[in-house]
Amino acid sequence: MSNEPSKPGINFIRNIIDNDLKNNPQNNRKWAGKPMPHSEFKGSTEQDTVAIRTRFPPEPNGYLHLGHAKSICLNFGIANDYHGLCHLRFDDTNPVSENSEYVESIINSVRWLGFDWDNQLFYASDYFDYLYSFAIKFIENGDAYVDSLSSDEIKDHRGTLTSPGKNSPFRNRAVAENLDIFEKMRKGNFKEECHVVRLKIDMESPNINLRDPVIYRIRHHSHHKTGKNWCVYPMYDYTHCISDALENITYSLCTLEFEDHRVLYDWILEKLVKYQIFENPLPKQYEFSRLNLTHIVLSKRKLVQLVSEKYVDGWDDPRMPTLVGVKRRGYPPESIKLFCDRIGVSKADSIIDYSLLEDCVRESLNNSCYRKFVIFNPIKLIIENYNEAEEFCDASNHPKTPENGTRKLPFSKELWIESTDFLVNPPKGFFRLFPGNIVRLKFGYVIECTRYEIDENGNPLTVYCRYFPDSKSGTAGSNKYKVKGNIHWLSSKHAIKCEINLFDRLFKSANPSGCDNFLTDLNQNSKVIVNALGEPSLAQTRKGDQFQFERHGYFIMDDTKNNGIPVFNRTVTLRDTWVKKNK
RNA sequence: UGGGGAGUCGCCAAGUCGGUUAAGGCAACGGAUUUUGAUUCCGUCAUGCGUAGGUUCGAAUCCUACCUCCCCAGCCA
């Protein structure tokens with residue numbers, strides 16, 4: 001129940017922060033209390049109230065997944081631990097693919113994980129005016145120009161990885177002309193693709209990001225926040241660093257693929273310092289390796305394909321690695337935070353075994369879930385010497401915490417047991433039911449298997465047994481029966497119907513992205529629906545309730561069908577050393 | 001064959017300025033407890049840090065060369 005906030009792991013980013021804080025304990029960062037360039041509050045001595053600021057900057061063009069969770073836990077976790085703040089900022093500079101539906105879902109998912117941004121919720125689009133005016137500064141200072149080459153021509157001029165690029169013929173356009181065209185771009189006088197604004201850096205740089213990157217393009221497209229106000233939109237590299245600086249971010253943490261963008265990040269901000277728009281210290285970008293997990297894909301393109309081509313039932317399909325998916329699967333937010341703590345943060349490419357995540361899920365569910373009896377594949381058990389009408393057995397709700405009480409399980413002559421708990425010819429070491437063997441019906445009586453009947457295919461149909469009246473759990477002397485096996489059971493006339501979704505890995509191989517076509521690696525049995533029987537108390541469950549079905553695993557109530565039958569999703573199985581041993 | 005990164009136990013991952021025994025977690029294996037073959041608890045688990053040389057009394061940590069893997073040529077982020 002009390003999931004201790006796990007200790008922050010040591011990682012290279014925390015080491016950097018520790019050193020920074022040690023070497024520069026006085027907090028000299030000025031901050032107007034809201035996003036603003038220093039030039040607008042010059043002379044003011046306002047200090048930031050917190051020592052560090054991080055940010056989680058999703059683009060609202062898709063659903064958050066476990067990879068984002070790593071970044072969220074890192075950014076919010078560090079902010080919490082250093083008594084700083086983590087901003088939630090939507091990087092919404094491309095109106096073509098973004099919308100507010102995604103914004104809402106992202107907000108919900110971050111909240112669901114349990115993080116709070118303390119009113120520091122921003123949008124890059126909030127900064128469009130600043131971004132535009134700073135672009136004018138770049139042009140005025142001869143650090144940017146309007147290029148009128150077509151996109152193909154720009155591509156041709158860019159050169160390749162091994163050969164330098166060539167200057168655009170428009171590179172030395174006069175400042176006044178640049179300003180004039182940019183103004184007209186903004187007014188909507190041009191079609192898309194006619195002009196772009198580019199930084200004037202170095203077309204021969206070995207780093208392609210420095211070969212005069214485009215910072216503004218024309219998009220005649222309505223924006224989810226700014227509507228029709230703009231038809232020129234800034235690009236990521238230009239926007240991100242400036243947004244960080246406006247928000248007084250100290251550590252801008254991103255994934256490895258942005259490593260060679262860092263010089264550009266610094267270049268832009270240093271120019272803005274020269275123009276006296278920002279002051280030092282500037283935000284610093286640090287990169288860490290993104291999350292990879294076995295048996296799943298995390299690339300946005302592939303996830304979209306799974307949904308749009310209906311390989312799964314939507315973004316919140318419990319097999320999806322989206323946060324809405326794992327929530328519906330029953331993974332608690334604590335388990336995801338635990339997982340993120342365990343995997344750590346580094347710069348090495350890695351692929352983490354999915355079972356590590358499952359282990360975290362079990363760990364966080366074990367203490368909190370009440371236990372229930374559910375039979376997946378029933379087989380009838382008849383107690384030949386039982387002649388009572390019925391009686392009740394006390395079953396504890398949780399084995400470790402008696403204070404959580406008990407429930408009454410009806411017991412009668414005719415029961416259901418799990419068909420896998422009875423074997424005619426058991427392998428060595430099997431200590432469940434087989435002819436002549438003794439087991440305890442958990443919370444009930446000890447029984448001895450006397451005989452069985454088979455159907456026309458030779459499969460066991462009914463198992464017969466006798467019980468020992470003085471063996472009832474909880475009664476004096478019942479412990480004199482020493483049994484190895486304890487199996488669960490249900491009184492056949494009291495059991496209720498339920499439907500269970502047995503989920504398994506979505507992909508068969510550890511690295512589906514390594515396949516020629518990842519779709520061929522889809523596990524056809526990733527979802528199996530079974531009609532099961534459950535104990536009577538399960539009739540009262542509500543959507544989202546989570547249980548451990550004893551000896552099976554953890555389950556979450558998904559819904560109630562029209563006919564009143566509850567549906568449960570399997571979150572994760574219990575660890576099973578017996579199955580493992582017999583594989 | 002340009003630039004930027006990474007290589008420490010099966011999977012992650014610590015390892016500030018070189019200093020006696022290379023953290024920790026997960027897995028695995030062994031054992032104890034257990035009315036879930038669950039949980040819990042104990043114990044074991046790298047003469048070795050991509051490879052080869054070198055510097056040093058001493059190197060995963062410094063130097064040199066090499067090998068392997070990842071990222072970058074969107075008017076995406």
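Proteins get letters first, then strands, A, B, ... in listed order; numbering begins at 1 in each.
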Engineer: Scan nucleotides 22-32 of chain B nucleotide by nucleotide, 5' to 3', and note B when protein non-hydrogen atoms come under 4.0 Å of the base, S if they reach only the sugar-phosphate, - if neither.
Structural biologist: ---SSSS----
Engineer: Applying side chain to side chain contact (heavy atoms under 4.5 Å, CB included), can you list everything that pairs with A:N24, at least two apart in sequence or on another chain?
Structural biologist: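 Here the qualifying residues are A:Q26.
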Engineer: Report the residues that fulfil side chain to side chain contact (heavy atoms under 4.5 Å, CB included) with A:T255, sequence neighbours left out, ordered by chain and then residue number.
Structural biologist: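 For A:T255 the side chain to side chain contact (heavy atoms under 4.5 Å, CB included) partners, ignoring immediate neighbours, are A:E257, A:F258, A:F288, A:R290.
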Engineer: Determine which pairs satisfy salt bridge (Lys or Arg N to Asp or Glu O under 4.0 Å) with at least one residue from residues 145-164 of chain A, sequence neighbours left out, and list them in order.
Structural biologist: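 Every salt bridge (Lys or Arg N to Asp or Glu O under 4.0 Å) pair that includes a residue of residues 145-164 of chain A, provided the two are not neighbours, is A:D147-A:R198.
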Engineer: Counting only heavy atoms and a strict 4.0 angstrom limit, can you tell me which residues of residues 296-304 of chain A come near RNA chain B?
Structural biologist: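 Nothing qualifies; none.
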Engineer: Based on Watson-Crick and G-U pairs with both distances under 3.5 Å, what dot-bracket line describes RNA chain B 5' to 3', crossing pairs as [ ] and inter-strand pairs as |?
Structural biologist: .(((((((.[[[..)...(....]]].(((((.......))))).....[[[[[..)....]]]]])))))).....
Engineer: According to the salt bridge (Lys or Arg N to Asp or Glu O under 4.0 Å) rule, which pairs have a member within residues 209-225 of chain A, sequence neighbours left out?
Structural biologist: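 Pairs touching residues 209-225 of chain A that pass the test: A:R171-A:D212, A:E192-A:R219.
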Engineer: Go through the structure and list residues passing side chain to side chain contact (heavy atoms under 4.5 Å, CB included) with A:K442, not counting sequence neighbours.
Structural biologist: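 A:K442 satisfies side chain to side chain contact (heavy atoms under 4.5 Å, CB included) with A:F373, A:E550 once adjacent residues are dropped.
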Engineer: Run the ring pair (Phe, Tyr, Trp, His ring centres under 6.0 Å) test against A:H552 and tell me which residues pass, sequence neighbours left out.
Structural biologist: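 Residues passing ring pair (Phe, Tyr, Trp, His ring centres under 6.0 Å) with A:H552: A:F376, A:H488.
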Engineer: Near RNA chain B, counting only heavy atoms under 4.0 Å, which residues of residues 474-487 of chain A show up?
Structural biologist: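 Output list: A:G474, A:N479, A:N486.
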Engineer: Would you mind building the protein contact string for nucleotides 67-77 of chain B? One character per nucleotide, 5' to 3', B for base within reach (heavy atoms under 4.0 Å), S for sugar-phosphate only, - for untouched.
Structural biologist: ---SBBBSBSB
Engineer: The criterion is side chain to side chain contact (heavy atoms under 4.5 Å, CB included); which residues satisfy it with A:L131, sequence neighbours excluded?
Structural biologist: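 Residues passing side chain to side chain contact (heavy atoms under 4.5 Å, CB included) with A:L131: A:Y127, A:F128, A:Y216, A:P234, A:Y238, A:T239, A:I242.
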